[in-house]
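Every value quoted in this text rests on a predicted model; they were computed, and no experiment measured them. Quick note on labels: first sequence line is chain A, next is B, and so on, each numbered from 1.
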Amino acid sequence: MPELPEVEEAARRLRRALEGRAIVALQLLHPALRARIASRRLAALRGARIARVERRGKHQLIHLEDGRELRVHFRMNGDWETGRAGEPVPRFARAILALDDGTRVALIDSRALATVELFGRGEAPPLALGPEADDPSLDVGALARALARRRGAIKPALLDQRLLAGVGNIYAAEALWRARIDPFVPASALDRRQLVALLRALRAVIARASGGRYRASDAADARPARAPRLDVYDREGERCRRCGTPIARAVQAGRSTYYCPTCQARSAAR
DNA sequence: GGTCGCCTGGTA
DNA sequence: TACCAGGCGACC
């Protein structure tokens, strides 16, 4: 379930399980994962202590005390499932991280598209990510200048992690609906007022996805209590909650875009 | 910029 | 059986 709010919650659970612990083993169960890390380097993880877990955009960074770094990206379906050593391995587990306290964290990923990378001290390349999409101090001017240079529609631009980190297909559609912006309008055609509205909408959508969605108590293994309410995504043919017009679906850059043809009125700049 | 492929599953 | 999938990197 990977967009910023879901990855943030996953990283939080990972942090609770990992910080201060030492690695007993990292097992890569899927060949696509094994192909990316030499078995020697994998084995050399034994005994390494975890310093901290960090999220940047949709990436999760596991910093080891010796400077090595594990980077995990869930892609489409990844999630963590924590358990105890010796328990049956979950269906769809693609990697297992065993810790010195008997905890076991499984990367579950039915489509096996998630990635795990291991870097030595000082080897991890910088992530090509823009500012976090929900960062309240985000500079609208900088974003406006970046968008002004772009060709193409705003919706695919929102998915470019170099522009804003953490926005995915669902919340891009939701934010555009909320800001009443036509997903096909050229990114360079948005005026400042629209950009401000778009950023506000992104923050609202992300906040709604994060807040109240998880039980505040039961920190050990909080799971989504319910799916966040969506206004347009996956609602093709259903009525717009604002104006009643049937929600439309189109394809942009190979991804589904859901929008209201009435309140996200076709812009003259299209 | 757009399209394809990665993998494997859930669903109509 | 076909289509679709919340991501992204390689390719044109």
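Comparing dT11(B) with dG6(C), their P atoms are spaced 15 Å from each other, to the whole Å. Separating the P atom of dC4(B) from that of dC3(C) is a span of 14 Å, rounded to the nearest Å. Rounded to whole Å, the separation between the P atoms of dC7(B) and dC11(C) comes to 15 Å.
A salt bridge links R41(A) with E123(A): at least one charged nitrogen is closer than 4.0 Å to a carboxylate oxygen. Salt bridge present: D100(A) and R21(A) bring a charged side-chain N and a carboxylate O closer than 4.0 Å. Residues R56(A) and E132(A) are paired through a salt bridge, judged by an N-O separation under 4.0 Å between the basic side chain and the carboxylate.
Within 3.5 Å, no donor on the side chain of Q161(A) pairs with an acceptor on the base of dG7(C), nor the reverse.
The side chain of R249(A) has dA5(C) as its nearest neighbour among dA5(C), dG6(C), dG7(C).
In this structure, L159(A) places its CG atom 13 Å from P of dA5(C), rounding to the nearest Å. Atom CD of E3(A) and atom P of dA5(C) are 13 Å apart (whole Å). A straight line from CE of M76(A) to P of dG6(C) spans 5 Å, rounded to a whole angstrom. The distance between atom CZ of R94(A) and atom C1' of dG7(C), rounded to the nearest whole Å, is 16 Å. Distance L113(A) CG to dG9(C) C1': 12 Å, rounded to the nearest Å. Straight-line distance from the CG atom of D234(A) to the C1' atom of dA5(C): 10 Å, rounded to whole Å. As a whole-Å value, the separation of Q252(A) CD from dG6(C) P is 13 Å. Rounded to an integer number of Å, the gap from CG of L164(A) to P of dG6(C) is 19 Å.
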- Query: Where does DNA chain C pair, written as one dot-bracket string 5' to 3', with Watson-Crick or G-U pairs under 3.5 Å, ( ) inside the strand, [ ] for crossing pairs and | for another strand?
  - Reply: |||||.||||||
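Contact annotation for R91(A): backbone-only contact, meaning every heavy-atom pair under 4.0 Å involves sugar-phosphate atoms and none involves a base. At the heavy-atom level, R111(A) lies under 4.0 Å from base atoms of the strands shown.
No donor-acceptor pair closer than 3.5 Å links the side chain of E65(A) to the backbone N or O of A48(A). Side-chain N or O atoms of E3(A) include none that pairs as donor or acceptor with a backbone N or O of A209(A) at under 3.5 Å.
For K58(A), no side-chain nitrogen or oxygen approaches OP1 or OP2 of dG6(C) to under 4.0 Å. Remark: Y258(A) is in phosphate contact with dA5(C), judged by side-chain N or O atoms under 4.0 Å from OP1 or OP2. The side chain of R255(A) places an N or O atom within less than 4.0 Å of a non-bridging phosphate oxygen (OP1 or OP2) of dG6(C).
In 5' to 3' order, the nucleotides of DNA chain B bounding all contacts with chain A (an atom under 4.0 Å from a heavy atom) are dG1(B) to dG10(B).
You'll find the side chain of R150(A) reaches within 4.5 Å of the side chain of D160(A), heavy atoms only. A 4.5 Å side-chain heavy-atom check between R235(A) and Y258(A) finds every atom pair outside the cut-off. Side-chain contact check for R55(A) versus L4(A): some heavy-atom pair is nearer than 4.5 Å. Between R75(A) and D109(A), every side-chain heavy-atom pair lies at or beyond the 4.5 Å cut-off.
For R162(A), the CZ atom counts as loosely surrounded, since its 6.0 Å shell holds 12 or fewer non-hydrogen atoms of other residues, nucleotides or ligands.
Across the interface with DNA chain C, nearest-nucleotide mapping of H73(A) and S256(A) shows S256(A) to be the residue nearer the 5′ end.
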